[in-house]
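Below you will find the structure I want to go over with you.
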Amino acid sequence: MRIVDLLKKEAIILNADVSTKDEMLNLLIDLHKKAGNISDTKTFKEGIMKREAEGPTAIADGICIPHSKNEAVQTPGIAAITVPAGVDCDALDGQNSDLFFMIAAPATGADVHLEALSRLSTILMDADFRKKLLTAENVDAFLSAIDKKETEKYGNEAEQATEKPAKAASGYRVLAVTACPTGIAHTYMAAEALEEKGKELGIPVKAETNGSSGAKNVLTDEEIAACDGIIIAADKNVEMARFDGKPLLKVKVSDGIHKSQQLIEKVVNGEAPIYHHKGAAAASAEEEGEGLGHQIYKHLMNGVSHMLPFVIGGGILIAIAFLLDDYSIDPSNFGMNTPIAAFFKTAGGAAFNFMLPILAGYIAMSIADRPGLMVGFVGGYVASCGTTFASCFDSSISPVSGGFIGALFAGFIAGYLVLGLKKLTEKLPAAMDGLRPMLIYPVIGLLGIAVIMFAINPFFSWLNQLLYNALESLGGANSIILGIIVAGMMSIDMGGPFNKAAYVFGTAALGSQTESGYMIMAAVMVGGMVPPIAIAISSWLFKNKFTDNDRKAAPVNAIMGLCFISEAAIPYAAGDPLHVIPSCVIGSAVSGALSMAFQCTLMAPHGGIFVFPVVGNPFMYIVSLLVGSVVGAVLLGVLRKPAAK
């Protein structure tokens, strides 16, 4: 479907008087309503805002294309406005946007909005064309410019496919694959930039787009065999085995848009390295020349991203269990007192039990590919259980969990252990190649990680005992200092040795059934609630300091914090420990100090807001929580660098 068929005159305003993103979105939605494209503005706006929350639709060069596939859409259509003064829409290039197209597509049927969006993204790459639209004297001139450009680009067929007809295999010197996480605008813009730059240079280029509706303009085996080299401009994994033995560059999708000439010339001049496929999918950026810090971060993020669903899913179910339970039945068994609560608590707990093994397993897999997964998974499980050689031979010795720090250690050790096994067995006879992944890696890898983790886990046990003894010695000291220490410790490792030491100390103090014991437990719990809440508040106050995925997870983080699930902060702490952990520790310490100063008490060992009815001095306890959370949020927002665009 052509763009001009979807864009009605009554849905266009030139030189619109808007100054904020919200005003811009409301105006475009009103234009859709005026044109008869949508039946319910509220429902349609919810869809638009949901898409905005997933990532900015303001691309670059002044272009912004909000869109939604929505139940409120009666007729597919496009609304457009120009705003010469510009509007800040969090564009990827940091500049204001002045040219806006909003696409409305029905919830069912063909992906009309994706086809129109890909066409818009492509033709808007032309700077002269954008200038014509911004300087159009009237709506007719605006539509005429679009019609002329679309016809020039795609021909006169109303339903002509966006792919270009394939040339003979020998006709393309450079091939490209473009892909972005959402598979919409950037995917097509990078493909267009590379192909257009190829025309300018006299170098035929063909780009395959891995968009949200599937791969288009797919590269053939004959084209791959005949080309000079390949450019992978992608921010997500693409199929790489087909490029084995060819010169290949791997870059970010934004480089495909802004560095197209440089990339093409490197391939043609023979400067691209030969790619040898080893079974892993392509990374989003070139691995050659990566620093050790970036490699570690990349492996860490692979583990965190796979762990996150377990944290969120398990945490929400556990929170529901607290909501449905009756604290008065058995305070020591809160969350499991009623059958329905026990169901949710058990299901949520099962997910939580997988959290640390998944973290370690996928860190190891990122380092050593598939053979590292099992070894890392077992290493994470052993760290979680806290098993040691001593506990194996003496049942009176209780294991102590290593928490997420132990799992991180296990993941990296497992990955590099398997990587070492690969190097050591490279020179084995070819006849034994089949034994390496089926026997050598799993057996020796498992044995190695078990020995290492059984040996290192006593360190965590010793650390926990040391911390517990230190806290116990402060029992008679200044209560505010004690509150600062126990609450701050709850944020150091969010479920690890420090956190568990403080929590165990709090529950032991609770068992004394004294006023001071209840005050310690209150400080411990408020300290554990702060990290997820502070991170959520910071992501709302300092949007440019967090990625789209971080902001999207913020509401869940806040809920889990209110439920006293500190582990919700682990993905953030693991990804940016130098800024997140100190901010959370200080915020928690402030809350703990205030809780002690206000003599707040708590007779429950868990539950978050669901046990606030049994808190002594509940109003000031809430104040303590809010103040500490805001302090942590502001500190994190100040310390953290802006997120990468």
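Please read all numbers here as calculations on a predicted model, not as lab measurements.
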#### Entry: Exam field: side chain Glu71 to backbone Thr43, donor-acceptor pair closer than 3.5 Å
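Checking the backbone N and O of Thr43 against the side chain of Glu71, no donor-acceptor pair under 3.5 Å is found.
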### Query
When you look at Cys64 and Lys21, which way does the side chain to side chain contact (heavy atoms under 4.5 Å, CB included) test go after all the steps?
CA-CA 10 Å; Cys64 183; Lys21 182 178 179 179; over 6 Å; no
### Between CG on residue Leu408 and NE2 on residue His299, distance to nearest 0.5 Å
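So the CG of Leu408 and the NE2 of His299 are separated by 13.5 Å.
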### Query
Is it true that a side-chain atom of Lys50 and a backbone atom of Ser68 form a donor plus acceptor pair closer than 3.5 Å?
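A pair under 3.5 Å: no.
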### Query
To the nearest 0.5 Å, how far apart are CG in Leu175 and CG in Leu194?
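Here the interatomic distance stands at 11.0 Å.
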### Query
To the nearest 0.5 Å, what is the distance between CD (Gln95) and CD1 (Ile63)?
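Output value for this atom pair is 13.0 Å.
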### Query
So which heavy atom on Val73 is nearest to which on Ala105, and how close?
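For Val73 and Ala105, the tightest heavy-atom pair comes out as CG2-O, 3.4 Å.
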### Message
Quick check: do Ile123 and Ile3 have side-chain heavy atoms less than 4.5 Å from each other?
### Response
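In contact.
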### Query
With side chains defined as the heavy atoms from C-beta onward, is the minimum distance between Leu636 and Val580 less than 4.5 Å?
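They are in side-chain contact.
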### Task
Carefully, step by step, assess Thr178 and Glu208 under the rule side chain to side chain contact (heavy atoms under 4.5 Å, CB included).
CA-CA 6 Å; Thr178 63; Glu208 173 187 308; over 6 Å; no
### Task
Would you give the length of the straight line joining atom CD1 of Ile231 to atom NZ of Lys266, rounded to the nearest 0.5 angstrom?
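Ile231 atom CD1 to Lys266 atom NZ measures 10.0 Å (nearest 0.5 Å).
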### Message
Quick one: does any side-chain atom of Lys45 pair with a main-chain N or O of Ile29 as donor and acceptor, under 3.5 Å?
### Response
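No, because the side chain of Lys45 does not come within donor-acceptor range (under 3.5 Å) of the backbone of Ile29.
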### Task
Spell out, as yes or no, whether a donor-acceptor pair under 3.5 Å connects the side chain of Asn269 to the backbone of Glu265.
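Indeed, once roles are kept as given, a pair shorter than 3.5 Å links the two residues.
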### Task
Report yes if the side chains of Asn96 and Val87 come closer than 4.5 Å at any heavy-atom pair, otherwise no.
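A side-chain contact is absent here, since even the closest heavy-atom pair is not under 4.5 Å.
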### Query
Once the angle between the rings of His32 and Phe44 is folded into 0 to 90°, is it parallel (under 30°), tilted (30 to 60°) or perpendicular (over 60°)?
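Geometry flag for Phe44 against His32: perpendicular rings.
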### Message
I'd like to check Leu31 versus Met102 (side-chain heavy atoms, cut-off strictly below 4.5 Å). Are they in contact?
### Response
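SC-SC contact between Leu31 and Met102 ruled out.
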### Query
So, do Phe101 and Ile146 sit near enough that their side-chain heavy atoms are less than 4.5 Å apart?
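Yes, side chains in contact.
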### Query
Can you name the nearest heavy-atom pair linking Ala272 to Pro247, along with the distance?
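Residues Ala272 and Pro247, closest heavy atoms: O-CB, 3.9 Å.
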### Task
May I have the step-by-step check of side chain to side chain contact (heavy atoms under 4.5 Å, CB included) for Leu133 and Leu124, ending in yes or no?
CA-CA 10 Å; Leu133 295 181; Leu124 287 171; 4.0 Å; yes
### Message
Between Lys250 and Phe243, is the side chain to side chain contact (heavy atoms under 4.5 Å, CB included) condition met? List the steps.
### Response
CA-CA 12 Å; Lys250 293 185 287 184; Phe243 303 129; over 6 Å; no
### Message
Please enumerate all residues that pass ring pair (Phe, Tyr, Trp, His ring centres under 6.0 Å) together with Tyr362, with sequence neighbours excluded.
### Response
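Ring pair (Phe, Tyr, Trp, His ring centres under 6.0 Å) list for Tyr362, sorted by chain: His306.
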### Task
Measure across Val375 and Leu446 and return the closest heavy-atom pair with its distance rounded to 0.1 Å.
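Residues Val375 and Leu446, closest heavy atoms: CG2-N, 4.1 Å.
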### Query
How long is the span from the SG atom in Cys227 to the NZ atom in Lys246, to the nearest 0.5 Å?
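Nearest 0.5 Å value for the SG-NZ distance: 4.0 Å.
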### Task
Starting at CD1 of Ile232, measure out to CG of Leu248 and round the result to the nearest 0.5 Å.
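Between atom CD1 of Ile232 and atom CG of Leu248 there are 5.0 Å.
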### Query
Quick one: does Arg640's side chain get under 4.5 Å of Phe546's, heavy atoms only?
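Yes, their side chains come closer than 4.5 Å.
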### Task
Tell me, yes or no, whether the heavy-atom count around Lys259 atom NZ, taken from other residues, nucleotides or ligands under 6.0 Å, exceeds 12.
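Open: at most 12 neighbouring heavy atoms sit under 6.0 Å from NZ of Lys259.
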### Query
Quick one: does Arg551's side chain have a donor or acceptor within less than 3.5 Å of a partner on Ser539's backbone?
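Checked: no pair found.
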### Query
Do Leu27 and Phe100 have side-chain heavy atoms sitting under 4.5 Å apart?
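Not touching, per the 4.5 Å side-chain cut-off.
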### Message
Restricting to side chain to side chain donor-acceptor pair (under 3.5 Å), what partner residues turn up for Asp126, sequence neighbours left out?
### Response
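Expected list: Lys149.
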### Query
Does Ala145 offer a backbone N or O that forms a donor-acceptor pair with the side chain of Lys132 under 3.5 Å?
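Not a single qualifying donor-acceptor pair exists.
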#### Entry: Which residues share a side-chain contact (heavy atoms from CB on, under 4.5 Å) with Glu46, sequence neighbours left out
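Glu46: side-chain contact (heavy atoms from CB on, under 4.5 Å) contacts with Lys42.
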### Task
Taking all non-hydrogen atoms of both residues into account, name the closest pair between Cys89 and Ala58 and its distance.
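The pair with the smallest heavy-atom distance is O-CB, 3.4 Å.
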### Query
Is there a side-chain contact between Leu263 and Lys197, using heavy atoms and a 4.5 Å cut-off?
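No, side chains not in contact.
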### Query
Which pair of heavy atoms, one from Val268 and one from Val174, lies closest together, and at what distance?
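That closest heavy-atom pairing would be CG2-CG2, 3.8 Å.
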### Query
Looking only at atom types and distance, does a side-chain atom of Asn217 sit under 3.5 Å from a main-chain N or O of Ala207, one as donor and one as acceptor?
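Yes, the answer is positive, given that a donor and an acceptor are paired below the 3.5 Å cut-off.
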### Message
Please give me the minimum heavy-atom distance between Ile264 and Gly198, naming the atom from each residue.
### Response
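In terms of heavy atoms, the two residues are closest at CD1-N, 3.8 Å.
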### Side-chain donor or acceptor of Glu223 paired with backbone N/O of Tyr172 under 3.5 Å
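Side chain of Glu223 to backbone of Tyr172, a donor-acceptor pair under 3.5 Å: no, none is there.
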